[in-house]
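Remarks on the structure that follows.
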Protein chains: 2
Amino acid sequence: MKLKDYAKIFKALSNEQRLKIFMMIYKNCCTPEGTKVGSEFRFKEESACCVKGSLDKAFTKICDCMNLSRSTISHHFKELQSAGLIACERDGQIYRCKINEEVVDSIKDFLK
Amino acid sequence: MKLKDYAKIFKALSNEQRLKIFMMIYKNCCTPEGTKVGSEFRFKEESACCVKGSLDKAFTKICDCMNLSRSTISHHFKELQSAGLIACERDGQIYRCKINEEVVDSIKDFLK
DNA sequence: TGCAAGATTCTACAACATTAGAACAATGAG
DNA sequence: CTCATTGTTCTAATGTTGTAGAATCTTGCA
């Protein structure tokens, strides 16, 4: 991966709203309560409902707990996809969303 | 650290030129040859002249091997400092620059 | 002290990012 | 089939970023 690609990944994560969306999928917690504990940012790592790194109905759930229009959220999803961080697919009413672990790993490697 | 702070760090790394500067300091290689190997991005990890994570005369050296005005580079340094990624100090003619390893570590933790 | 080199700050502007709303497409329920 | 729901695309407004140049400040040397 080239420097440009890393810059693109970091850009995708550089917007607070988009980072929140990413973390909701990555840490797999969609409630607004899950995104904040006190004034600190934290996620409930464990949650019975789903497996780390993938999320069904991601779009709807995220719309529900964020104060942004649907079009804006759609746009942010596309940015995250375009950077390769997530992959999404519609399966009827299910909007399925997965983290691309390889890309996340490559960021870790980059900073090694 | 809050979500906002992480977003700020990622923003600092989201510009290709600035990321290059950061990596020059982080991997400690300032020659243009060191920043590219073929079309891939790579650094010479080992270099006799200095220790990973700090760089003397950083500003001048980086100016020399990048095609940007001094004011622009100064601006990028400030962005990196403001995000907490690096710390710089002038010591006479030496412009000393150090990576803030704690912040780099906190990114790794964030993505854990 | 005066000068040259190095770094910063200010200004300005083009390019790009964030956002919402309206119009549209796809899907499933009744 | 019709309608409500869900997601996308287009457009436009508004805000932010990246960049250079000029002016300025800082430092060391002659």
Side-chain angles (χ1 to χ4, degrees), chain A residues 3-25 30 32 54-98, chain B residues 3-25 30 35 54-98:
Chain A
L3 189 59
K4 205 179 195 168
D5 301 315
Y6 287 107
K8 190 170 186 182
I9 292 170
F10 290 130
K11 182 166 280 161
L13 299 175
S14 74
N15 174 272
E16 193 179 343
Q17 305 305 320
R18 206 156 48 223
L19 183 55
K20 202 175 200 172
I21 293 174
F22 174 75
M23 291 312 273
M24 283 182 189
I25 299 164
C30 265
S54 77
L55 196 54
D56 289 352
K57 289 222 161 197
F59 197 99
T60 310
K61 288 193 192 176
I62 284 170
C63 284
D64 286 349
C65 64
M66 291 192 77
N67 216 2
L68 291 173
S69 73
R70 259 180 309 156
S71 65
T72 301
I73 289 176
S74 178
H75 167 73
H76 285 323
F77 266 87
K78 259 206 300 212
E79 288 283 306
L80 290 169
Q81 287 180 83
S82 158
L85 283 162
I86 63 174
C88 304
E89 54 171 19
R90 280 181 80 169
D91 175 10
Q93 274 187 320
I94 304 292
Y95 188 94
R96 197 164 284 125
C97 215
K98 273 196 310 192
Chain B
L3 189 60
K4 206 178 196 169
D5 302 315
Y6 288 106
K8 190 169 185 183
I9 292 170
F10 290 129
K11 181 166 282 161
L13 300 175
S14 74
N15 174 271
E16 194 179 344
Q17 305 306 320
R18 205 157 49 223
L19 183 55
K20 203 176 200 171
I21 293 174
F22 174 76
M23 291 312 273
M24 282 182 188
I25 300 165
C30 265
T35 66
S54 77
L55 195 54
D56 290 351
K57 287 222 160 196
F59 197 98
T60 309
K61 288 194 191 174
I62 284 169
C63 284
D64 286 351
C65 64
M66 290 192 76
N67 215 2
L68 291 173
S69 74
R70 226 189 288 222
S71 66
T72 301
I73 289 177
S74 178
H75 167 74
H76 285 325
F77 266 87
K78 255 206 304 211
E79 289 282 306
L80 290 169
Q81 286 180 82
S82 158
L85 284 162
I86 64 175
C88 304
E89 54 171 20
R90 280 180 80 169
D91 175 10
Q93 273 187 322
I94 303 292
Y95 189 93
R96 196 164 285 126
C97 217
K98 272 195 311 191

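Proteins get letters first, then strands, A, B, ... in listed order; numbering begins at 1 in each.
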Quiz item: Which residue pairs pass the side-chain hydrogen bond (donor to acceptor under 3.5 Å, both in side chains) test when at least one of the two sits in residues 7-19 of chain A, sequence neighbours left out?
Solution: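 Output for this query lists A:Lys8-A:Ser82, A:Arg18-A:His76.
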Send over the distance from [X] [atom1] to [N] [atom2], rounded to a whole Å.
X       : N      : atom1 : atom2 : value
B:Asn15 : C:dA15 : CG    : P     : 16 Å
A:Glu79 : C:dT18 : CD    : P     : 6 Å
A:Glu89 : C:dT27 : CD    : P     : 13 Å

Quiz item: How many angstroms lie between CD1 in A:Ile21 and CD1 in A:Ile62, if you round to the nearest 0.5 Å?
Solution: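 Those atoms lie 5.5 Å apart.
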Quiz prompt | Straight-line distance of B:Phe10 CZ to A:Phe22 CZ, nearest 0.5 Å | solution =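 If we round to the nearest 0.5 Å, B:Phe10:CZ and A:Phe22:CZ are 8.0 Å apart.
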Quiz item: Between A:Phe77 and A:Tyr95, what is the ring plane arrangement, given parallel below 30°, perpendicular above 60°, and tilted in between?
Solution: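 Correct class here is perpendicular.
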Quiz item: Is the CG atom of A:Asp91 crowded by more than 12 outside heavy atoms at less than 6.0 Å?
Solution: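 For A:Asp91, atom CG is crowded (more than 12 foreign heavy atoms under 6.0 Å).
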Quick one: which protein N/O atoms are closer than 3.5 Å to N/O atoms of nucleotides 5-11 of chain C? Pair and distance per line, please.
unit_1, atom_1, unit_2, atom_2, d
C:dA7, OP1, B:Thr60, OG1, 3.2
C:dA7, OP2, B:Thr60, N, 3.4
C:dA7, OP2, B:Thr60, OG1, 2.6
C:dT8, OP2, B:Ser74, OG, 3.0
C:dT9, OP2, B:Lys78, NZ, 2.8

Tell me, please, which residues at least two apart from [X] pass side-chain contact (heavy atoms from CB on, under 4.5 Å).
X       : value
B:Ser69 : B:Ser71, B:Thr72
B:Arg70 : B:Phe59, B:Cys63
B:His75 : B:Glu79

Practice problem: At the 4.0 Å heavy-atom cut-off to chain B, mark where contacts on DNA chain D begin and end, going 5' to 3'. | Solution: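 Reading along DNA chain D, I get D:dT17 to D:dG28.
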Quiz prompt | Given DNA chain C, 5'-ward residue of the pair A:Gly92 and A:Gln17, judged by closest heavy atom | solution =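 By nearest-heavy-atom nucleotide position, the 5'-most residue is A:Gln17.
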